[in-house]
Amino acid sequence: MNLVDKINKLKSELDVTIVAHYYQKNVVFDIADITGDSLELAKKSSEVGTQFVLFCGVGFMGQSVKILAPHKTVVMPKIACCAMARMIDVDYFDNNLKILNEAGIANDDILPITYINSSAEVKAEVGRMGGLVCTSSNAFKIIQTGLESGKKIFFVPDRCLGQNFAINMNLKSAVIGIDNINDVKSADIICYNGFCSVHQLFTTDDIEFYRQKYPDIIVAVHPECDPKVVKLADFSGSTSQLIKFIKELDPEQKVVVGTEYNMVHRLREKHTYTLSATKPQCPTMNETTLSDVYDSLVSIKENKITNEILIEEKTIKYAKIALEKMFDV
Ligand code: 13P
Ligand code: SF4
(Lines give C-alpha, C1' and ligand atoms only; values in the text may rest on other atoms or scores of the structure.)
(Ligands and ions follow the chains in the order given, each with its own letter.)
Protein backbone atom coordinates (compact mmCIF):
# COMPACT_ATOMS: atom_id res chain seq x y z
CA MET A 1 0.00 0.00 0.00
CA ASN A 2 1.39 3.43 -0.87
CA LEU A 3 1.43 6.32 1.62
CA VAL A 4 -1.69 7.97 0.21
CA ASP A 5 -3.67 4.72 0.52
CA LYS A 6 -2.38 4.24 4.06
CA ILE A 7 -3.47 7.79 4.94
CA ASN A 8 -6.92 7.30 3.41
CA LYS A 9 -7.35 3.99 5.26
CA LEU A 10 -6.44 5.56 8.60
CA LYS A 11 -8.64 8.57 7.85
CA SER A 12 -11.65 6.30 7.30
CA GLU A 13 -11.03 4.55 10.63
CA LEU A 14 -10.59 7.72 12.71
CA ASP A 15 -12.88 10.57 13.80
CA VAL A 16 -10.70 13.09 11.96
CA THR A 17 -10.92 15.84 9.35
CA ILE A 18 -7.79 16.74 7.41
CA VAL A 19 -7.53 20.43 6.58
CA ALA A 20 -4.97 22.10 4.28
CA HIS A 21 -4.15 25.69 3.35
CA TYR A 22 -3.75 26.57 -0.35
CA TYR A 23 0.02 27.04 0.17
CA GLN A 24 0.61 23.41 1.15
CA LYS A 25 2.52 21.04 -1.13
CA ASN A 26 0.22 19.47 -3.77
CA VAL A 27 0.57 15.96 -2.34
CA VAL A 28 -0.65 17.20 1.05
CA PHE A 29 -3.31 19.49 -0.44
CA ASP A 30 -4.74 16.58 -2.46
CA ILE A 31 -5.45 14.33 0.54
CA ALA A 32 -7.28 17.05 2.53
CA ASP A 33 -11.02 16.97 3.24
CA ILE A 34 -11.20 20.76 3.49
CA THR A 35 -8.99 23.30 1.72
CA GLY A 36 -9.09 27.08 1.72
CA ASP A 37 -7.50 30.36 2.76
CA SER A 38 -6.90 31.29 6.39
CA LEU A 39 -10.37 32.82 6.89
CA GLU A 40 -12.26 29.93 5.28
CA LEU A 41 -10.21 27.36 7.19
CA ALA A 42 -10.66 29.05 10.58
CA LYS A 43 -14.42 29.01 10.10
CA LYS A 44 -14.93 25.65 8.38
CA SER A 45 -12.55 23.62 10.55
CA SER A 46 -14.03 24.88 13.82
CA GLU A 47 -17.46 23.70 12.62
CA VAL A 48 -16.59 20.14 11.47
CA GLY A 49 -18.36 17.19 13.10
CA THR A 50 -15.20 15.23 13.97
CA GLN A 51 -13.35 15.36 17.31
CA PHE A 52 -9.92 15.60 15.65
CA VAL A 53 -8.81 18.29 13.23
CA LEU A 54 -5.52 17.52 11.51
CA PHE A 55 -4.36 20.93 10.32
CA CYS A 56 -1.77 21.18 7.53
CA GLY A 57 -0.66 24.80 7.57
CA VAL A 58 1.24 27.10 9.90
CA GLY A 59 0.94 27.40 13.68
CA PHE A 60 -1.37 30.41 13.93
CA MET A 61 -3.92 28.64 11.70
CA GLY A 62 -4.14 25.58 13.95
CA GLN A 63 -4.34 27.92 16.95
CA SER A 64 -7.26 29.82 15.40
CA VAL A 65 -9.26 26.56 15.19
CA LYS A 66 -8.45 25.73 18.82
CA ILE A 67 -9.49 29.23 19.93
CA LEU A 68 -12.81 29.01 18.10
CA ALA A 69 -13.50 25.38 19.07
CA PRO A 70 -11.57 24.63 22.29
CA HIS A 71 -13.39 21.29 22.76
CA LYS A 72 -11.78 19.92 19.58
CA THR A 73 -8.41 18.19 19.48
CA VAL A 74 -6.32 20.11 16.97
CA VAL A 75 -3.20 18.34 15.76
CA MET A 76 -0.61 19.68 13.33
CA PRO A 77 1.65 17.28 11.40
CA LYS A 78 4.33 20.03 11.73
CA ILE A 79 4.00 23.02 14.02
CA ALA A 80 5.68 25.34 11.54
CA CYS A 81 5.58 28.98 12.56
CA CYS A 82 4.78 31.63 9.93
CA ALA A 83 7.85 33.91 9.69
CA MET A 84 5.67 37.01 9.92
CA ALA A 85 3.76 35.77 12.99
CA ARG A 86 7.14 35.12 14.64
CA MET A 87 8.05 38.80 14.26
CA ILE A 88 5.72 39.83 17.07
CA ASP A 89 5.13 38.59 20.61
CA VAL A 90 3.39 40.19 23.59
CA ASP A 91 6.59 41.97 24.74
CA TYR A 92 7.15 43.56 21.32
CA PHE A 93 3.46 44.48 21.19
CA ASP A 94 3.69 46.15 24.61
CA ASN A 95 6.97 47.91 23.71
CA ASN A 96 5.28 49.44 20.66
CA LEU A 97 2.36 50.58 22.82
CA LYS A 98 4.91 52.19 25.16
CA ILE A 99 6.43 54.11 22.23
CA LEU A 100 2.94 55.36 21.34
CA ASN A 101 2.19 56.28 24.96
CA GLU A 102 5.47 58.23 25.18
CA ALA A 103 4.45 60.07 22.01
CA GLY A 104 1.29 61.18 23.81
CA ILE A 105 -1.18 58.59 22.45
CA ALA A 106 -2.98 56.92 25.36
CA ASN A 107 -4.08 53.27 25.20
CA ASP A 108 -7.70 54.44 25.39
CA ASP A 109 -7.20 56.20 22.05
CA ILE A 110 -5.77 53.10 20.33
CA LEU A 111 -7.72 50.26 18.73
CA PRO A 112 -5.42 47.34 17.92
CA ILE A 113 -6.19 45.16 14.90
CA THR A 114 -4.10 42.06 14.37
CA TYR A 115 -3.75 40.25 11.08
CA ILE A 116 -4.70 36.61 11.68
CA ASN A 117 -0.99 35.80 11.12
CA SER A 118 -0.12 36.25 14.81
CA SER A 119 0.11 34.04 17.89
CA ALA A 120 -2.84 33.28 20.19
CA GLU A 121 -1.13 35.39 22.88
CA VAL A 122 -0.95 38.47 20.63
CA LYS A 123 -4.60 37.96 19.63
CA ALA A 124 -5.50 37.76 23.34
CA GLU A 125 -3.67 41.03 24.04
CA VAL A 126 -5.61 42.64 21.19
CA GLY A 127 -8.89 41.17 22.53
CA ARG A 128 -8.14 42.52 26.03
CA MET A 129 -7.83 46.02 24.54
CA GLY A 130 -11.17 45.71 22.74
CA GLY A 131 -9.52 45.14 19.36
CA LEU A 132 -10.12 42.58 16.67
CA VAL A 133 -8.57 40.21 14.15
CA CYS A 134 -8.63 40.56 10.35
CA THR A 135 -7.46 38.56 7.36
CA SER A 136 -6.43 39.89 3.97
CA SER A 137 -9.94 38.99 2.70
CA ASN A 138 -11.77 41.23 5.14
CA ALA A 139 -9.16 43.84 6.23
CA PHE A 140 -10.95 46.68 4.40
CA LYS A 141 -14.21 46.09 6.24
CA ILE A 142 -12.55 45.44 9.60
CA ILE A 143 -10.42 48.61 9.42
CA GLN A 144 -13.45 50.62 8.32
CA THR A 145 -15.41 49.31 11.32
CA GLY A 146 -12.44 49.95 13.60
CA LEU A 147 -12.23 53.57 12.49
CA GLU A 148 -15.85 54.13 13.53
CA SER A 149 -14.56 53.93 17.13
CA GLY A 150 -12.81 57.29 16.48
CA LYS A 151 -9.55 55.74 17.69
CA LYS A 152 -6.23 55.34 15.94
CA ILE A 153 -5.70 51.88 14.49
CA PHE A 154 -2.59 50.05 15.69
CA PHE A 155 -2.14 47.42 12.98
CA VAL A 156 0.06 44.37 13.69
CA PRO A 157 2.21 42.60 12.54
CA ASP A 158 2.23 43.17 8.73
CA ARG A 159 3.26 46.72 7.88
CA CYS A 160 2.57 46.15 4.15
CA LEU A 161 -1.04 45.11 4.68
CA GLY A 162 -1.59 48.15 6.93
CA GLN A 163 0.07 50.50 4.43
CA ASN A 164 -1.76 49.02 1.42
CA PHE A 165 -5.19 49.26 3.03
CA ALA A 166 -4.46 52.81 4.20
CA ILE A 167 -3.65 53.79 0.58
CA ASN A 168 -6.79 51.98 -0.58
CA MET A 169 -8.93 53.84 1.92
CA ASN A 170 -7.28 57.25 1.43
CA LEU A 171 -5.92 57.22 4.98
CA LYS A 172 -2.53 58.13 6.40
CA SER A 173 -0.31 55.32 7.67
CA ALA A 174 3.09 55.28 9.36
CA VAL A 175 5.34 52.48 10.58
CA ILE A 176 6.80 52.49 14.09
CA GLY A 177 10.60 52.29 13.79
CA ILE A 178 10.67 53.42 10.14
CA ASP A 179 8.73 56.67 9.95
CA ASN A 180 9.43 59.63 12.21
CA ILE A 181 7.39 59.92 15.38
CA ASN A 182 5.46 62.99 14.19
CA ASP A 183 4.22 61.01 11.18
CA VAL A 184 3.31 58.15 13.52
CA LYS A 185 1.38 60.59 15.75
CA SER A 186 -0.64 61.98 12.86
CA ALA A 187 -1.35 58.62 11.16
CA ASP A 188 -4.80 57.02 11.08
CA ILE A 189 -3.24 53.56 10.82
CA ILE A 190 -0.08 53.01 12.84
CA CYS A 191 1.70 49.89 11.61
CA TYR A 192 3.96 47.47 13.43
CA ASN A 193 7.20 46.82 11.51
CA GLY A 194 6.62 43.19 10.46
CA PHE A 195 6.48 41.64 6.99
CA CYS A 196 6.29 38.40 5.04
CA SER A 197 9.68 37.33 3.70
CA VAL A 198 8.03 35.42 0.84
CA HIS A 199 5.95 38.36 -0.42
CA GLN A 200 8.97 40.68 -0.08
CA LEU A 201 10.61 38.73 -2.91
CA PHE A 202 8.44 40.50 -5.49
CA THR A 203 9.80 43.80 -6.74
CA THR A 204 8.81 46.60 -9.12
CA ASP A 205 11.77 45.48 -11.31
CA ASP A 206 10.08 42.07 -11.66
CA ILE A 207 6.87 43.80 -12.80
CA GLU A 208 8.77 45.92 -15.31
CA PHE A 209 10.62 42.84 -16.59
CA TYR A 210 7.36 40.95 -17.26
CA ARG A 211 5.65 44.00 -18.79
CA GLN A 212 8.56 44.49 -21.19
CA LYS A 213 8.60 40.82 -22.12
CA TYR A 214 4.81 40.47 -22.49
CA PRO A 215 3.23 43.93 -22.93
CA ASP A 216 -0.34 42.59 -22.46
CA ILE A 217 0.39 40.60 -19.30
CA ILE A 218 -1.76 41.17 -16.20
CA VAL A 219 0.00 41.53 -12.85
CA ALA A 220 -1.87 40.22 -9.78
CA VAL A 221 -0.40 40.36 -6.27
CA HIS A 222 -1.23 39.69 -2.61
CA PRO A 223 -1.48 42.79 -0.34
CA GLU A 224 1.40 41.41 1.78
CA CYS A 225 3.63 42.75 -1.03
CA ASP A 226 5.39 46.10 -0.70
CA PRO A 227 3.06 49.07 -1.42
CA LYS A 228 5.23 50.06 -4.43
CA VAL A 229 4.58 46.63 -5.95
CA VAL A 230 0.86 46.73 -5.16
CA LYS A 231 0.61 50.21 -6.71
CA LEU A 232 2.13 49.02 -10.00
CA ALA A 233 0.02 45.84 -10.15
CA ASP A 234 -3.26 45.52 -12.08
CA PHE A 235 -4.95 43.63 -9.26
CA SER A 236 -4.32 43.03 -5.57
CA GLY A 237 -6.27 40.58 -3.42
CA SER A 238 -6.19 37.93 -0.73
CA THR A 239 -5.55 34.29 -1.59
CA SER A 240 -9.19 33.49 -2.41
CA GLN A 241 -9.68 36.82 -4.21
CA LEU A 242 -6.60 36.06 -6.34
CA ILE A 243 -7.90 32.58 -7.13
CA LYS A 244 -11.27 33.99 -8.25
CA PHE A 245 -9.63 36.73 -10.31
CA ILE A 246 -7.24 34.36 -12.09
CA LYS A 247 -9.88 31.68 -12.73
CA GLU A 248 -12.11 34.23 -14.42
CA LEU A 249 -9.39 35.40 -16.86
CA ASP A 250 -9.59 34.50 -20.53
CA PRO A 251 -7.62 31.21 -20.92
CA GLU A 252 -5.28 32.90 -23.41
CA GLN A 253 -4.56 35.87 -21.09
CA LYS A 254 -1.05 35.87 -19.65
CA VAL A 255 -0.88 36.59 -15.93
CA VAL A 256 2.05 36.97 -13.55
CA VAL A 257 1.24 36.43 -9.90
CA GLY A 258 2.96 37.78 -6.78
CA THR A 259 2.14 35.20 -4.16
CA GLU A 260 3.12 31.73 -2.98
CA TYR A 261 4.36 29.32 -5.66
CA ASN A 262 2.41 26.14 -4.76
CA MET A 263 -0.91 27.92 -4.99
CA VAL A 264 -0.12 29.75 -8.24
CA HIS A 265 1.29 26.67 -9.91
CA ARG A 266 -1.72 24.54 -8.98
CA LEU A 267 -4.18 27.16 -10.14
CA ARG A 268 -3.57 27.53 -13.85
CA GLU A 269 -0.77 25.95 -15.83
CA LYS A 270 -0.95 27.79 -19.15
CA HIS A 271 0.14 31.46 -19.46
CA THR A 272 0.76 31.76 -15.70
CA TYR A 273 4.04 33.04 -14.25
CA THR A 274 5.35 33.76 -10.76
CA LEU A 275 6.62 37.28 -10.19
CA SER A 276 10.11 36.41 -8.97
CA ALA A 277 13.37 34.97 -10.19
CA THR A 278 13.57 33.09 -6.87
CA LYS A 279 10.93 30.37 -6.40
CA PRO A 280 8.54 32.05 -3.94
CA GLN A 281 7.72 29.03 -1.80
CA CYS A 282 6.77 29.63 1.82
CA PRO A 283 9.41 27.64 3.73
CA THR A 284 7.23 27.03 6.78
CA MET A 285 4.15 26.01 4.79
CA ASN A 286 6.35 23.57 2.91
CA GLU A 287 7.63 21.85 6.04
CA THR A 288 4.59 19.54 6.19
CA THR A 289 5.10 16.29 4.27
CA LEU A 290 2.83 13.33 3.53
CA SER A 291 4.87 11.23 5.99
CA ASP A 292 4.18 13.84 8.69
CA VAL A 293 0.45 13.54 7.97
CA TYR A 294 0.68 9.76 8.19
CA ASP A 295 2.67 9.89 11.46
CA SER A 296 0.08 12.27 12.95
CA LEU A 297 -2.77 9.91 12.05
CA VAL A 298 -0.86 7.00 13.60
CA SER A 299 -0.31 9.07 16.76
CA ILE A 300 -4.09 9.65 16.97
CA LYS A 301 -4.83 5.97 16.38
CA GLU A 302 -2.38 4.87 19.06
CA ASN A 303 -3.60 7.57 21.44
CA LYS A 304 -0.07 8.99 21.72
CA ILE A 305 -0.81 12.32 20.08
CA THR A 306 2.11 14.43 18.96
CA ASN A 307 1.93 18.14 18.09
CA GLU A 308 -1.43 18.81 19.69
CA ILE A 309 -2.27 22.53 19.82
CA LEU A 310 -2.73 23.52 23.46
CA ILE A 311 -3.49 27.08 24.56
CA GLU A 312 -4.03 28.44 28.08
CA GLU A 313 -7.69 28.99 28.97
CA LYS A 314 -7.33 32.71 29.64
CA THR A 315 -5.51 33.23 26.35
CA ILE A 316 -8.32 31.41 24.54
CA LYS A 317 -10.89 33.59 26.29
CA TYR A 318 -9.49 36.92 25.06
CA ALA A 319 -8.22 35.71 21.68
CA LYS A 320 -11.71 34.36 21.02
CA ILE A 321 -13.22 37.77 21.71
CA ALA A 322 -10.94 39.31 19.05
CA LEU A 323 -11.61 36.53 16.52
CA GLU A 324 -15.37 36.47 17.06
CA LYS A 325 -15.55 40.24 16.63
CA MET A 326 -14.08 39.71 13.18
CA PHE A 327 -16.80 37.17 12.32
CA ASP A 328 -19.50 39.53 13.68
CA VAL A 329 -18.30 42.26 11.32
P1 13P B 1 -4.65 34.05 3.38
O2 13P B 1 -5.30 34.75 4.54
O3 13P B 1 -4.87 34.79 2.11
O4 13P B 1 -4.97 32.62 3.34
O5 13P B 1 -3.09 34.19 3.59
C6 13P B 1 -2.41 33.74 4.68
C7 13P B 1 -1.00 33.95 4.43
O8 13P B 1 -0.19 33.54 5.22
C9 13P B 1 -0.60 34.68 3.24
O10 13P B 1 0.76 34.73 3.13
FE1 SF4 C 1 3.63 33.55 6.81
FE2 SF4 C 1 4.47 34.64 4.54
FE3 SF4 C 1 4.33 32.00 4.77
FE4 SF4 C 1 2.10 33.48 4.62
S5 SF4 C 1 3.66 33.21 3.04
S6 SF4 C 1 2.50 31.78 6.03
S7 SF4 C 1 2.75 35.30 5.79
S8 SF4 C 1 5.70 33.40 5.96
Side-chain angles (χ1 to χ4, degrees), residues 7 10-11 14-21 23-24 28 32-34 36 38-94 114-129 131-133 135 156-157 282 284-285 287-289 291-327:
I7 287 173
L10 272 175
K11 203 165 72 169
L14 297 168
D15 186 23
V16 66
T17 304
I18 303 185
V19 177
H21 188 268
Y23 290 2
Q24 289 291 295
V28 173
D33 302 301
I34 298 178
S38 62
L39 179 65
E40 292 160 348
L41 292 184
K43 184 139 185 64
K44 288 186 198 163
S45 348
S46 59
E47 289 170 356
V48 295
T50 58
Q51 175 56 35
F52 292 92
V53 175
L54 194 74
F55 203 113
C56 307
V58 282
F60 75 82
M61 296 180 177
Q63 284 190 333
S64 297
V65 182
K66 186 70 186 172
I67 294 163
L68 291 169
H71 53 284
K72 294 218 177 283
T73 311
V74 183
V75 182
M76 298 194 72
K78 271 270 162 67
I79 305 189
C81 186
C82 155
M84 181 203 287
R86 216 167 24 205
M87 286 182 185
I88 188 164
D89 62 15
V90 173
D91 285 343
Y92 282 132
F93 181 92
D94 289 344
T114 180
Y115 189 26
I116 197 163
N117 298 37
S118 58
S119 67
E121 289 73 19
V122 168
K123 289 188 180 78
E125 203 65 4
V126 167
R128 267 189 208 102
M129 284 182 71
L132 58 174
V133 175
T135 73
V156 306
C282 172
T284 42
M285 281 281 186
E287 280 184 32
T288 307
T289 64
S291 319
D292 295 327
V293 175
Y294 176 71
D295 291 345
S296 276
L297 288 169
V298 171
S299 83
I300 295 173
K301 184 170 167 117
E302 293 178 350
N303 207 11
K304 290 182 198 152
I305 299 170
T306 47
N307 291 348
E308 180 179 352
I309 299 292
L310 297 168
I311 308 171
E312 270 186 40
E313 230 172 88
K314 67 174 193 305
T315 305
I316 289 191
K317 180 179 160 192
Y318 289 103
K320 197 169 185 189
I321 293 175
L323 262 170
E324 284 182 342
K325 269 193 186 165
M326 169 179 81
F327 287 114

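Remember, it's a predicted structure, so these values are computed and weren't measured experimentally.
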Margin query: Please determine whether side-chain contact (heavy atoms from CB on, under 4.5 Å) holds for the pair Lys301 and Leu10, giving the CA-CA distance in whole Å, both sets of side-chain angles, and the decisive distance to 0.1 Å.
Written below: CA-CA 8 Å; Lys301 184 170 167 117; Leu10 272 175; 3.4 Å; yes

Note to self: Donor-acceptor check, side chain of Lys123 to backbone of Ser118, threshold 3.5 angstrom: yes or no?
What the structure shows: yes

Checklist line | Ion pair check, Glu313 and Lys317, cut-off under 4.0 Å | finding: no

Item checked: Spatial distance of atom NZ (Lys72) from atom CD1 (Ile309) [nearest 0.5 Å] -> 15.5 Å

Next item on the list: Kindly indicate whether the side chain of Val293, heavy atoms from C-beta on, has any atom under 4.5 Å from the side chain of Cys56.
Entry: yes

Check: Looking only at heavy atoms, what is the nearest atom pair of Phe60 and Ile116, with distance?
Finding: CD1-O, 3.0 Å

Item checked: Test item: Gln63 side-chain N/O and Ala120 main-chain N/O as donor-acceptor pair under 3.5 Å -> yes

Next item on the list: Evaluate the side-chain proximity of Lys11 to Thr17: yes if any heavy-atom separation is below 4.5 Å, no if none is.
Entry: no

Next item on the list: Taking all non-hydrogen atoms of both residues into account, name the closest pair between Tyr115 and Pro157 and its distance.
Entry: CB-CD, 3.8 Å

Next item on the list: Mind checking the NZ-OG1 spacing from Lys304 to Thr306? Nearest 0.5 Å is all I need.
Entry: 11.0 Å

Notebook entry, point to check: What's the verdict on side-chain contact (heavy atoms from CB on, under 4.5 Å) for Val19 and Lys44, showing C-alpha distance, side-chain angles and the deciding distance?
Noted result: CA-CA 9 Å; Val19 177; Lys44 288 186 198 163; over 6 Å; no

Notebook entry, point to check: If only atom types and distance count, is the side chain of Ser46 paired as donor or acceptor with the main-chain N or O of Ala42 below 3.5 Å?
Noted result: yes

Note to self: Taking the side chain as everything from C-beta on, heavy atoms only, tell me whether Leu54 gets closer than 4.5 Å to Met76.
What the structure shows: no

Note to self: Tell me the closest heavy-atom pair linking Thr288 and Pro77, and the distance in Å.
What the structure shows: CG2-CB, 3.8 Å

Note to self: Within this structure, what is the OG-CZ distance for the pair Ser299 and Phe52, rounded to the nearest 0.5 Å?
What the structure shows: 8.5 Å

Item checked: Under 3.5 Å: donor-acceptor pair, side chain of Lys78, backbone of Gly59 -> no

Checklist line | Nearest-0.5 Å distance that lies between atom CD1 in Ile67 and atom CD1 in Ile311 | finding: 4.5 Å

Margin query: Quick check: do Leu41 and Leu39 have side-chain heavy atoms less than 4.5 Å from each other?
Written below: no

Check: To the nearest 0.5 Å, what is the distance between OG1 (Thr289) and OH (Tyr294)?
Finding: 13.0 Å

Notebook entry, point to check: Can you find a pair of side-chain heavy atoms, one from Val53 and one from Thr73, that are under 4.5 Å apart?
Noted result: no

Checklist line | Donor-acceptor under 3.5 Å (Asn117 side chain, Met84 main chain) | finding: no

Note to self: When you compare the side chain of Val298 with that of Glu302, does any pair of heavy atoms fall below 4.5 Å?
What the structure shows: yes

Item checked: Side chain to side chain, Phe55 and Met61, heavy atoms closer than 4.5 Å -> yes

Note to self: What I'd like to find out is whether the side chain of Ser296 reaches to under 4.5 Å of the side chain of Asn307, using heavy atoms alone.
What the structure shows: no

Checklist line | Glu121 and Thr315: side chain donor to acceptor below 3.5 Å | finding: no

Item checked: side chain to side chain contact (heavy atoms under 4.5 Å, CB included) partner of Ile18, the single match among Thr50, Ile34, Asp33 -> Asp33

Next item on the list: Hey, could you give me the CZ/CG distance between Phe93 and Asp89, rounded to the nearest 0.5 Å?
Entry: 11.0 Å

Note to self: Treating Gln24 as the side-chain partner and Met285 as the backbone partner, does any N or O pair qualify as donor plus acceptor under 3.5 Å?
What the structure shows: yes

